[in-house]
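Data first, discussion second: the structure below is written as C-alpha cells.
The residues of the chain are indexed from 1 along the displayed sequence. Bear in mind that the values here come from a model prediction, so they are computed numbers and not experimental data.
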Amino acid sequence: MKIAVLGGTGLIGSQVVRILRTAGHEAVPLSPSTGVDLLTGQGLSDALTGADVVVNLTNSPTFDDASPAFFRTTMDNLLAAADRAGVGHAVILSIVGADQVPDLAYYRAKVLQEDILRAGPIPYSIVRATQFFEFVDAILSWTADDRTVRLPATPVQPMAAADVAQAVADVTQGAPLRGVRNVAGPDVFTLDDLGRITLAARGDERTVTTDDNAGMFAAVPGDVLISAGDAVIAPTSYRDWLTRQA
C-alpha cells in the first residue's frame, strides 16, 4: 500500500515509517520539512494523491487552551483532502483515558480530534496509547528543583515509543477498526514511584516527594490513565528500557 504519514519525521512517525517500509509498503513521511503543512493545508492534496491510508501523528505545539483549535483545523484539512483523494483509511494516535479527563485542555482537544474523525467521511481507526517512557524526564522537570521532585501518586501504565509505533503500524496495515484500539505498557506504577525508579537508575540523588497537587497529572482522577483490561499489552518494561538507556 501507499501510506502517507503526517508527522512522519517525529518520534513516533519516523519509527512508523521504518516499520511500514520494512513490511514492504510505500510509506511517505510528510511534515513541514517535506513541504506539507497540515495546519495551513499547504501541499496536502498532492501528498495524498494515490494514498491508500493516511496516518496523522501530528501534535499541537502547546498543551493549553489553544490545542483544540489546532486539532479542529488540522483534522478538517486532513479529512477534506483525504476525501478528495479517495483515501480508504485514516488512522490517528490518541491517549488512553482521554475522554475521562475533562479538566485538562489537551485531553479535551484529543477527544475533539477523535470525534471529528468519527464524524468524517473516511473509514477510520483510533489507537489510544498510554504515556511514553520518553516523556518521563519532561514530567519530572515540571515540578523539580535542585533537591526535590514533586509528583502526584497518579497511577500510570507507560510504554516505549517503539511499542507505540509498532501498534500504530499494525493498525495501519489492517482494515479500518471503525473504533478504538487501546495499547499500554506491561506494568502499572504510581507517578511518584516512577519518579523514584527513574532517579535511582540514573544515580540522581534528588528526593521524590508525593504531592497530589503537583504537575499536569494532578488533575487526573483515579486510575483512568491505565488500561481497562481491553488493551494490547506492549512487551517492553520500563526497568529494561531504563537499563538500555544507561
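Note: the hydrophobic cluster containing Val28 also contains Leu6 (ILVMFWY, side chain heavy atoms under 4.5 Å, direct or indirect links). Val149 and Phe189 fall within the same hydrophobic cluster, where Ile, Leu, Val, Met, Phe, Trp and Tyr residues are linked whenever their side-chain heavy atoms come under 4.5 Å apart, directly or through other members. Linking ILVMFWY residues whenever their side-chain heavy atoms come closer than 4.5 Å, directly or via other members, places Phe135 and Val164 in the same cluster. Follow the hydrophobic side-chain contacts under 4.5 Å out from Leu177 and you never reach Val180; the two are in separate clusters. Note on Val111 and Met75: separate hydrophobic clusters, where clusters join Ile, Leu, Val, Met, Phe, Trp and Tyr whose side-chain heavy atoms are under 4.5 Å apart, directly or indirectly.
Comment: Asp115 does not engage Lys110 in a salt bridge, judged by the lack of any side-chain N to carboxylate O separation of less than 4.0 angstrom. With salt bridges taken as basic N to acidic carboxylate O contacts below 4.0 Å, one links Asp65 and Arg108.
Contact of the Val54 side chain with the Val91 side chain is not registered, since no non-hydrogen atoms from C-beta on lie closer than 4.5 Å. For the pair Asp137 and Thr198, the minimum side-chain heavy-atom distance is below 4.5 Å. Looking at Glu26 and Ile3, their side chains never come closer than 4.5 Å, going by heavy atoms from C-beta outward. Put simply, the side chain of Leu199 reaches to within 4.5 Å of the side chain of Leu140, judged on heavy atoms. Residues Asp212 and Pro152 form a side-chain contact, since some pair of their non-hydrogen atoms from C-beta on lies under 4.5 Å apart. Inter-residue side-chain proximity for Gln100 and Pro221 is flagged as unmet; no heavy-atom pair is nearer than 4.5 Å. At a threshold of 4.5 Å between non-hydrogen side-chain atoms, the residues Arg206 and Asp145 do not count as touching.
Open room surrounds CD on Gln42; 12 or fewer heavy atoms of other groups in view lie less than 6.0 Å from it.
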Pair Leu191, Ile139 - check side chain to side chain contact (heavy atoms under 4.5 Å, CB included), show working. CA-CA 9 Å; Leu191 191 56; Ile139 293 170; 4.1 Å; yes
Could you give me the CA-CA distance, side-chain angles and deciding distance for Asp83 and Leu79, then say whether side chain to side chain contact (heavy atoms under 4.5 Å, CB included) is met? CA-CA 6 Å; Asp83 192 29; Leu79 292 176; over 6 Å; no
Passes side chain to side chain contact (heavy atoms under 4.5 Å, CB included), Gln173 versus Val53? Steps please. CA-CA 9 Å; Gln173 295 174 85; Val53 185; over 6 Å; no
Given the rule in the side chain to side chain contact (heavy atoms under 4.5 Å, CB included) test, do Val156 and Val188 qualify, once you have shown the distances and angles that lead to the verdict? CA-CA 6 Å; Val156 292; Val188 175; over 6 Å; no
Given the rule in the side chain to side chain donor-acceptor pair (under 3.5 Å) test, do Arg84 and Ser45 qualify, once you have shown the distances and angles that lead to the verdict? CA-CA 8 Å; Arg84 290 193 299 269; Ser45 292; 2.8 Å; yes
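Side-chain N or O atoms of Arg181 include none that pairs as donor or acceptor with a backbone N or O of Val127 at under 3.5 Å. With hydrogens and angles disregarded, no donor-acceptor distance shorter than 3.5 Å links the side chain of Gln113 to the backbone of Phe71. In terms of modelled atom types and a separation under 3.5 Å, the side chain of Lys2 and the main chain of Leu48 share no donor-acceptor contact. A distance-only check finds no donor-acceptor pair linking the side chain of Thr148 to the backbone of Ala144 [under 3.5 Å]. Formation of a donor-acceptor pair under 3.5 Å by the Gln157 side chain with backbone atoms of Gly185 is found in this model.
Atom CZ in Arg128 sits 10.0 Å away from atom CG in Asp230 (nearest 0.5 Å). Once rounded to the nearest 0.5 Å, the distance linking CZ of Arg72 with OG of Ser67 reads 12.0 Å. Atom OG of Ser31 sits about 9.5 Å away from atom CG of Asp37, to the nearest 0.5 Å. Here the straight-line distance linking atom CG of Asn182 with atom OG1 of Thr130 works out to 9.5 Å at 0.5 Å rounding. Note that the CG atom of Leu104 and the CE atom of Met216 stand 6.0 Å from one another [nearest 0.5 Å]. Here CD1 of Ile92 is found 7.0 Å from CG of Asn56. Values are rounded to the nearest 0.5 Å.
In this structure Phe70 satisfies the ring-ring contact (aromatic ring centres under 6.0 Å, His included) test with no other residue, sequence neighbours excluded.
Nearest heavy atoms, Leu151 versus Gly195: CD1-CA, 3.8 Å. In plain terms, the two heavy atoms of Ala161 and Glu134 that are nearest each other are N-OE1, 3.1 Å. Listed here is the closest heavy atom pair of Ser33 and Thr9: OG-CG2, 4.3 Å. Of all heavy-atom pairs between Leu225 and Val96, the closest is CD2-O, 3.8 Å. Residues Pro29 and Gly8 share a closest heavy-atom pair of CB-O, 3.6 Å. The shortest heavy-atom contact between Gly13 and Leu57 is CA-CD1, 3.5 Å.
Sorted by first and then second residue, the ring pair (Phe, Tyr, Trp, His ring centres under 6.0 Å) pairs involving residues 73-110 (not counting sequence neighbours) are Phe63-Tyr106. For residues 227-246, the set of pairs meeting the ring pair (Phe, Tyr, Trp, His ring centres under 6.0 Å) definition, not counting sequence neighbours, comprises Phe133-Tyr238, Phe133-Trp241, Tyr238-Trp241.
Residue Arg196 forms a side-chain hydrogen bond (donor to acceptor under 3.5 Å, both in side chains) with just one option from Thr210, Thr207, Thr190, and that option is Thr210. With Leu44 as the partner, the side-chain contact (heavy atoms from CB on, under 4.5 Å) test is satisfied by one option alone out of Thr74, Thr49, Asn77: Asn77.
Asp211 and Thr209 share no donor-acceptor pair across their side chains, judged by distance under 3.5 Å alone. For the residue pair Ser237 / Asp240, a side-chain donor-acceptor distance below 3.5 Å is found, with atom types taken as modelled. For the residue pair Glu114/Ser94, the side-chain donor-acceptor check at 3.5 Å is satisfied. For the residue pair Thr236 / Asp163, a side-chain donor-acceptor distance below 3.5 Å is found, with atom types taken as modelled.
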